[in-house]
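Accompanying notes for the structure given below.
Labels below follow one simple rule: chain letters A, B, ... track the order of the sequence lines, proteins then strands, and each chain is numbered from 1.
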Amino acid sequence: MPERMTRDLPIHEIEDAIVASLGDRTRLVLSAPTGSGKSTRVPQILLDRGILDSPAGGQVVVLQPRRIAARMLAARVAQELGVRLGDEVGYQIRFENVTGPKTRIKFVTEGVLLRQMVRDDSLENIAAIVFDEFHERHLYGDITLARALDIQEAIRPDLKLIVMSATIDAAQLAGYLGGPEQCGLLHSDGRTFPVDVRYASRPSYDNRSPVWEQAADAFCEFSRASDPGDVLVFMPGAFEIQRTIETLGHRKEARGYRVLPLHGELATKDQDAAVARQDRPKIVVSTNVAETSLTIDGVRLVIDSGLARIPRHDPYRGINTLLIDKISQASADQRAGRAGRTAAGVCLRLWTASEHADRPVQEKPEVQRLDLSEVVLTLKSAGVHDLNLFRWLEHPGEKRIAHAEELLLDLGALRRGPDTHARITETGRRMLAFPLHPRYSRMLLAAEEFKCVHEACLAAALTQGRDILIRKIDKHTQDRREDLLGHKSPSDLFVLMKAWSHAAEHRFSIEECGKYGIHAQSARQVAPLFQQFLNTAKREGLSIHEAPATDAALQKAIILGFSDRIARRIDAGTLRCEMVHGRRGDLARESHVHHEDLIAVSEIREVGRSDGEVNTILSLATAVKPEWLEEFFPNDFGREIDVRYDAQARRVYAHEIRLFRDLPLGRKAVEPPPLEESARLLADEIVAGRLELKDWDHAVEQWIARLNNLAAWCPEFELPPITADDRRTLIEQICHGQFSYRSVKDKPVQHTVREWLSPMQQQMLDDHAPLRVKLANGRTPKVTYADKEPPVISLRVQELYDAHETPTVAMGRQKVLIHILAPNMRPVQVTSDLANFWKEGYPAVKSQLAGRYPRHEWR
DNA sequence: GAGCACTGC
């Protein structure tokens with residue numbers, strides 16, 4: 001029989017209030033910091049006080065953001081109640097279901113419940129749902145709460161919903177849950193030790209030394225005055241951690257300390273070492289893992305860089321970014337709290353108090369930061385057709401929703417309905433059976449057609465968790481790895497599959513994996529995923545073919561999931577690639593598909609470099625044959641004729657360029673088109689000096705190609721004689737963007753055009769030429785044209801900031817719309833004269849951004 | 001020569 005719990009934790013002070021509130025209303029927000037005992041005791045209170053005894057069945061489901069928490073909390077509650085884990089108290093996480101028919105208290109991770117809601121929205125047997133650690137605002141937690149509210153209103157009015165949070169603005173949350181009419185609001189105190197938070201005396205932008213130096217300085221200064229005990233240093237990533245450790249190694253104050261790194265890519269034994277008690281005091285230098293996921297007991301001093309690498313999905317470009325950013329006040333408090341777990345502690349922040357006040361209060365919720373494709377598909381299957389009307393706690397932004405819908409339409413998971421809202425298709429429903437990003441579920445469905453389901457399941461499993469191939473390895477390991485995996489491959493996924501198979505054959509032995517730089521723990525975790533996908537595929541009626549699939553079969557399946565990420569190498573000497581939709585990036589150095597011209601990439605990530613610039617890295621590449629694209633996407637092909645004039649030979653050459661969407665795939669020589677005569681006449685004009693040109697050879701070459709394109713666009717266009725009006729027309733065509741920006745951006749052509757013109761026309765060109773904007777960091781921002789509206793220049797805040805250091809170079813004096821893409825918020829728009837942007841437009845931008853986006857010091 | 005936070009179905 002369950003024992004009665006002891007009432008030794010702060011949460012019991014409001015036990016009666018909880019019971020009373022849930023007697024009146026079905027919703028409750030409970031704000032309580034760590035140490036209040038809410039996670040273990042609230043479920044027991046619900047059970048003990050009869051709140052779960054509803055006709056619908058008496059289970060409380062407690063949502064946890066992490067598996068390990070679900071497992072440990074269940075074990076602790078079972079122990080407190082004196083019952084066997086899996087009977088009255090159980091837990092369910094991916095791959096593990098430790099519950100039984102008697103289970104009344106069930107801890108689950110967020111994805112488990114969302115999946116359950118997709119299958120069955122009556123939530124039979126569930127009397128109450130508790131959302132724990134809701135302030136972390138994970139994507140699935142947000143969606144699960146919103147759906148639970150829908151379900152409560154539509155079919156389960158008796159369902160109790162309790163949202164627990166440590167730091168979130170509880171009143172706002174209570175408002176979302178219907179206000180005082182429908183939702184109770186309670187607060188409990190925690191039980192932690194006080195932490196003395198100290199700020200830097202100099203603002204961080206004033207301090208030119210790198211964060212690792214600053215952290216080491218702070219440590220040395222502190223340890224000269226008092227004994228720090230165990231120390232925890234927060235850094236944004238592995239690189240900075242390494243530098244911090246090196247720097248501390250040169251400081252005499254750090255002698256006698258064990259200095260240990262802690263981050264996700266470390267082997268388990270190294271992570272354990274950082275958490276374990278040492279024979280000497282220790283300094284653990286860690287990423288965000290130590291903020292929520294791992295606790296290190298005995299820490300009395302926290303040194304916080306205030307930085308983290310924060311992932312975001314940019315819906316404008318359809319890529320993921322991972323850039324270093326300042327953490328929020330809430331996150332900094334969470335980090336500081338790590339110094340007060342076992343005794344009073346100190347937290348040294350490497351930024352000033354006034355800078356702190358400028359930081360955002362909370363981190364942006366994931367729903368406003370990440371790719372929503374999977375969530376959108378889930379909601380569509382639940383009958384939410386207009387996602388802008390969904391009950392978002394915070395609206396993710398129309399662009400983010402639109403981007404997800406576009407991808408799902410491309411994948412065939414959605415189809416436009418009569419009311420313009422896209423509806424889920426049969427393919428979409430089948431895709432939803434797989435717990436995967438829709439791209440990968442699409443790949444698995446395609447794999448059936450190409451008879452490679454088994455292989456595709458493994459490929460999908462390998463992309464889910466941490467990379468199984470460790471990046472930083474020594475030369476010997478590198479050589480051994482190359483012997484095992486080869487140098488070239490049609491797909492990086494094949495390389496991963498080969499590495500994994502080797503690890504699996506050796507039962508994921510740490511020693512054997514270590515020889516090849518394979519992360520044994522990550523590789524081991526792939527196996528259950530692989531099995532889960534195979535089982536799902538079987539259940540969905542896909543046939544798991546016994547015969548090994550050909551490489552081409554799997555490559556084709558991959559392409560069907562990633563057709564909007566086709567890329568072409570620009571040249572053989574570099575890793576530069578151009579992609580469909582005008583994007584560019586660099587193929588990952590470690591890719592094994594470096595010998596191929598045309599690839600599909602499964603991952604695009606924008607990553608900050610140590611010099612402050614940004615790299616777009618294309619990884620997990622798969623070789624693509626153009627004829628496959630033709631087979632699958634016959635309507636996405638176009639062609640363009642490129643005519644060039646060879647001045648020495650005085651001949652015109654023509655090439656046909658094949659385009660996949662807007663990506664040039666290859667060129668082949670063709671008969672010069674009828675325009676040849678006109679082109680030659682034009683060339684003669686120039687050669688004869690009747691048109692003064694600088695750098696004429698190149699200019700002519702470019703210009704003739706442009707004229708040819710114009711003729712294709714406007715058949716009545718006659719080249720000779722070139723009247724002033726013709727020229728005007730030409731310029732206007734250019735100005736209105738009917739030539740691609742790329743085609744006229746080269747300097748010689750600008751020259752050419754200028755030289756043709758009367759002074760008045762030159763003025764017109766200056767006023768209306770396609771904008772050429774070059775930033776101080778060498779990047780050229782995107783410029784888009786629309787009818788009758790000023791051109792739009794899209795700048796990311798980072799670029800704007802970089803550009804501010806040295807002036808932006810820009811041609812053109814017309815008014816433009818400058819679109820500032822600031823992470824975490826709607827784009828800020830200002831209309832400005834570009835040449836005077838810093839004088840006129842920038843103050844407007846600044847006033848809109850300052851305070852809301854304190855990533856940089858706005859000057 | 002360059003480049004990578006953490007979870008979760």
- Is the closest basic N to carboxylate O distance between Arg349(A) and Asp333(A) below 4.0 Å? yes
- Task: Spell out yes or no: do the side chain of Arg605(A) and the base of dC4(B) have one donor N/O and one acceptor N/O closer than 3.5 Å?
- Result: yes
- Message: Counting distance alone, no hydrogens or angles: does the base of dC4(B) have a donor or acceptor under 3.5 Å from a partner atom on the side chain of Glu590(A)?
- Response: yes
- Query: With sugar-phosphate meaning primed atoms plus P, OP1 and OP2, does Ile310(A) contact a base, only sugar-phosphate, or nothing at under 4.0 Å between heavy atoms?
  - Reply: nothing
- Heavy atoms under 4.0 Å, any strand shown: does Pro311(A) hit a base, just sugar-phosphate, or nothing? base
- Task: Starting from P on dG8(B), measure out to CD on Gln92(A) and report it in whole angstrom.
- Result: 15 Å
- Looking for any heavy atom pair under 4.0 Å, which part of the strands does Gln532(A) touch: base, sugar-phosphate only, or nothing? nothing
- Query: When Ile143(A) is tested against each of Leu393(A), Leu379(A), Thr378(A) for side chain to side chain contact (heavy atoms under 4.5 Å, CB included), which residue passes?
  - Reply: Leu379(A)
- Cationic N near anionic O, under 4.0 Å, Glu606(A) to Arg583(A): no
- Message: So, does Thr109(A) get its side chain near the phosphate of dC9(B), meaning an N or O under 4.0 Å from OP1 or OP2?
- Response: yes
- Query: With a 4.5 Å heavy-atom cut-off, do Pro261(A) and Asp270(A) have their side chains touching?
  - Reply: no
- Donor + acceptor pair across side chains of Glu363(A), Ser328(A) (<3.5 Å): yes
- Message: Applying a 4.0 Å non-hydrogen cut-off, can you work out what Ile617(A) is touching in the nucleic acid: base, sugar-phosphate, or nothing?
- Response: base
- Message: When you measure from the side-chain N and O atoms of Arg67(A) to the phosphate of dC9(B), is any distance below 4.0 Å, counting only OP1 and OP2?
- Response: yes
- Message: For a quick test of reading the model: is some side-chain N or O of Arg115(A) closer than 4.0 Å to OP1 or OP2 of dC9(B)?
- Response: no
- Item | Nucleotide nearest His263(A) (side chain, heavy atoms from C-beta), chosen from dC9(B), dT7(B), dC6(B) | dC6(B)
- Message: Does Ala238(A) reach a base, just sugar-phosphate, or nothing at all? Heavy atoms under 4.0 Å.
- Response: sugar-phosphate
- Query: Does Arg466(A) have a side-chain nitrogen or oxygen under 4.0 Å from the phosphate oxygens OP1 or OP2 of dC6(B)?
  - Reply: yes
- Just to confirm, is there a sub-4.0 Å distance from OP1 or OP2 of dC4(B) to any side-chain nitrogen or oxygen of Ser619(A)? no
- Task: Could you tell me whether Ile93(A) contacts a base, only the sugar-phosphate backbone, or nothing, with contacts defined as non-hydrogen atoms closer than 4.0 Å?
- Result: sugar-phosphate
- Message: Base, sugar-phosphate or nothing for Glu374(A)? Non-hydrogen atoms, less than 4.0 Å.
- Response: base
